[in-house]
Peer 1: 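Got a structure for you, questions after.
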Number of protein chains: 2
Amino acid sequence: MDGVPRVPESHLAARRDQILDAATARFAANGFQATGMADVIAASGLSAGAVYRYFRSKDELIAAIVERVVGAAAARFEQLLEDDAAPDPAEAVAAAVEMVAELTTRGPVDLSRVAVQAWGEALRNPGVHAVVDPAYRTMRGYFVEIARRGQAAGRFPADADPLHLGATMMSSVFGFVLQRLLLGDVDPAAYAAALRVTWAGAPSTTG
Amino acid sequence: MDGVPRVPESHLAARRDQILDAATARFAANGFQATGMADVIAASGLSAGAVYRYFRSKDELIAAIVERVVGAAAARFEQLLEDDAAPDPAEAVAAAVEMVAELTTRGPVDLSRVAVQAWGEALRNPGVHAVVDPAYRTMRGYFVEIARRGQAAGRFPADADPLHLGATMMSSVFGFVLQRLLLGDVDPAAYAAALRVTWAGAPSTTG
DNA sequence: CCGTCAAGAACGGTCGTTCGCTTTACAGTG
DNA sequence: CACTGTAAAGCGAACGACCGTTCTTGACGG
């Protein structure tokens, strides 16, 4: 019945990535809403029909891109926890910032620009929020765990709230990304060094 | 000859504010680009022609709104500096977060939602960036000054970079705003308390 | 020769903005 | 204080452009 003329699945995935890469570049440059599908389609090198074969709507394309960007970052943080190393809070925050800086700027497009656009989009687009929320919760969960261990080691008061301690660590990452993009004069290494200074003050039982 | 029919200037300003208030509410709810002028016009209770009498374009309206929101916050930070009090870095950061939390949520619309939208918009709209950049530079300047005084008081190493120390403090504010909106489980008082814990560790020469 | 993939013209709808008209409110006048 | 001239203030239908999406058509491989 089916004459099944199938293109190798790897080629389909490559096409999908081709669209995602092109759309990521355009969205990073011009935001989600201000970028038209015609722009994305032209950048992808394909046709409108082809793009709509792989993504049913612009919203689905946006969600897929946000998922790829914040999902990759969340995966890195999860890996840090599974490695089961127990760095100082100071070291954990500084290393996380350096990791995010490297992760977002290694490719041809600055993925942190997409992340900032995703923040705004998540406030109005439930589909994007549903992607962003668990990803950032995972990342913050890493810091919350670091905070708990810090409490166990006597670096933080035992009665402090680990969730909010973790939230302040998470802020160091968000704030770095934002200030680097908006103000342009924040250097990853210098920022990480400053973090090590400000977080190093807490008393430690191990040294 | 001229019957100069002038409406009192206060009435003109009131109309302008009426438009700004309505547009702020719509933009806070739906973002700048995804909100149409028709939506703004309907919310303002005026007509298209009237709105376009006070603002020459949507971009000008957006810039005016962003200016009002981030400008008000920047003014508060400038005032803190002029008061010439020299709080601990810990106290300065915690108080700043509580001030921003109160400032953005006191009115009928959450202004921090507009701020997050402005971050994304500033990445693609030079006019918005030109408004956002100096405002946030002013706010960070407050923290940089706090960092300098902290160094003078021996709370930070003398060879640390005050700009990046200030940047990490600024991150505490950005990160609070973002996590409260995206994750929804960050409490201002508890977050400020956590900040006081984590920043209190640095050695002090005065106590 | 069937089914898949890609192409791109075309679609209805919505966008930001304009413009000609009406209404409003005040200064001058007697 | 009533009247009137005049320009600002307001209105809203209408505009061209562009939006995201669909659909017809053709090419190609099994």
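These numbers come from a predicted model, not from an experiment. Just so it is clear: chains get the letters A, B, ... in the order the sequence lines come, proteins before strands, and each one is counted from 1.
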Peer 1: B:Q33 CD to C:dT14 P: how many Å, rounded?
Peer 2: 18 Å
Peer 1: Could you point out which residue of A:D110, A:D185, A:D187 forms a side chain to side chain donor-acceptor pair (under 3.5 Å) with A:R180?
Peer 2: A:D110
Peer 1: Contact class for B:F55 vs. all strands (heavy atom < 4.0 Å): base, sugar-phosphate, or nothing?
Peer 2: nothing
Peer 1: Tell me which nucleotide among D:dT21, C:dG16, D:dC11 gets nearest to the side chain of B:M37.
Peer 2: C:dG16
Peer 1: Are side-chain N/O atoms of B:Q33 and B:E121 paired as donor and acceptor at under 3.5 Å?
Peer 2: yes
Peer 1: Tell me: CD1 of B:I62 to P of C:dT17, nearest whole Å?
Peer 2: 9 Å
Peer 1: Over how many whole Å does the gap from B:L46 atom CG to C:dT23 atom P extend?
Peer 2: 18 Å
Peer 1: Which nucleotide in the list D:dG20, C:dG8, D:dG10 gets nearest to the side chain of B:R15?
Peer 2: D:dG10
Peer 1: Which of these nucleotides, C:dG16, D:dT21, C:dG8, is closest to any side-chain atom of A:S47?
Peer 2: C:dG8
Peer 1: Using whole Å, report how far CZ of B:R26 lies from P of C:dC15.
Peer 2: 12 Å
Peer 1: With respect to the side chain of B:S57, which nucleotide from D:dT21, C:dT17, D:dC11 is positioned closest?
Peer 2: C:dT17
Peer 1: What is the separation between atom OH on A:Y52 and atom C1' on D:dT24, rounded to the nearest whole Å?
Peer 2: 18 Å
Peer 1: Which nucleotide in the list C:dG16, C:dA9, D:dG20 gets nearest to the side chain of A:A48?
Peer 2: C:dA9
Peer 1: Could you give the CZ-to-P distance, from A:F32 to D:dC19, as a whole number of Å?
Peer 2: 17 Å
Peer 1: Can you tell which of C:dG16, D:dG10, D:dT21 lies closest to the side chain of B:K58?
Peer 2: C:dG16
Peer 1: With sequence neighbours excluded, give me every salt bridge (charged side-chain N to carboxylate O under 4.0 Å, His left out) pair touching residues 20-35 of chain B.
Peer 2: B:D21-B:R68, B:R26-B:D39
Peer 1: Begin from the C-alpha positions of A:R149 and A:E91 and carry the test salt bridge (Lys or Arg N to Asp or Glu O under 4.0 Å) through to its verdict.
Peer 2: CA-CA 13 Å; A:R149 294 178 186 179; A:E91 186 55 33; over 6 Å; no
Peer 1: Does a side-chain N or O from B:Y54 land closer than 4.0 Å to OP1 or OP2 of D:dG10, or not?
Peer 2: yes
Peer 1: Round to a whole Å and report the spacing from CG of B:D39 to P of C:dC15.
Peer 2: 9 Å
Peer 1: With a non-hydrogen cut-off below 4.0 angstrom, is B:G36 in contact with a base, only sugar-phosphate, or nothing?
Peer 2: sugar-phosphate
Peer 1: Are B:Q79 and B:R76 linked by a side-chain donor-acceptor pair shorter than 3.5 Å?
Peer 2: no
Peer 1: In this structure, how many angstroms lie between the C1' atom of D:dG10 and the CD atom of B:Q18, rounded?
Peer 2: 12 Å
Peer 1: Counting the atoms with a prime plus P, OP1 and OP2 as sugar-phosphate, which does A:S44 contact under 4.0 Å by heavy atoms, base, sugar-phosphate, or nothing?
Peer 2: nothing
Peer 1: State whether the distance check finds a donor on one side and an acceptor on the other, under 3.5 Å, for side chain A:R53 versus base C:dA6.
Peer 2: yes
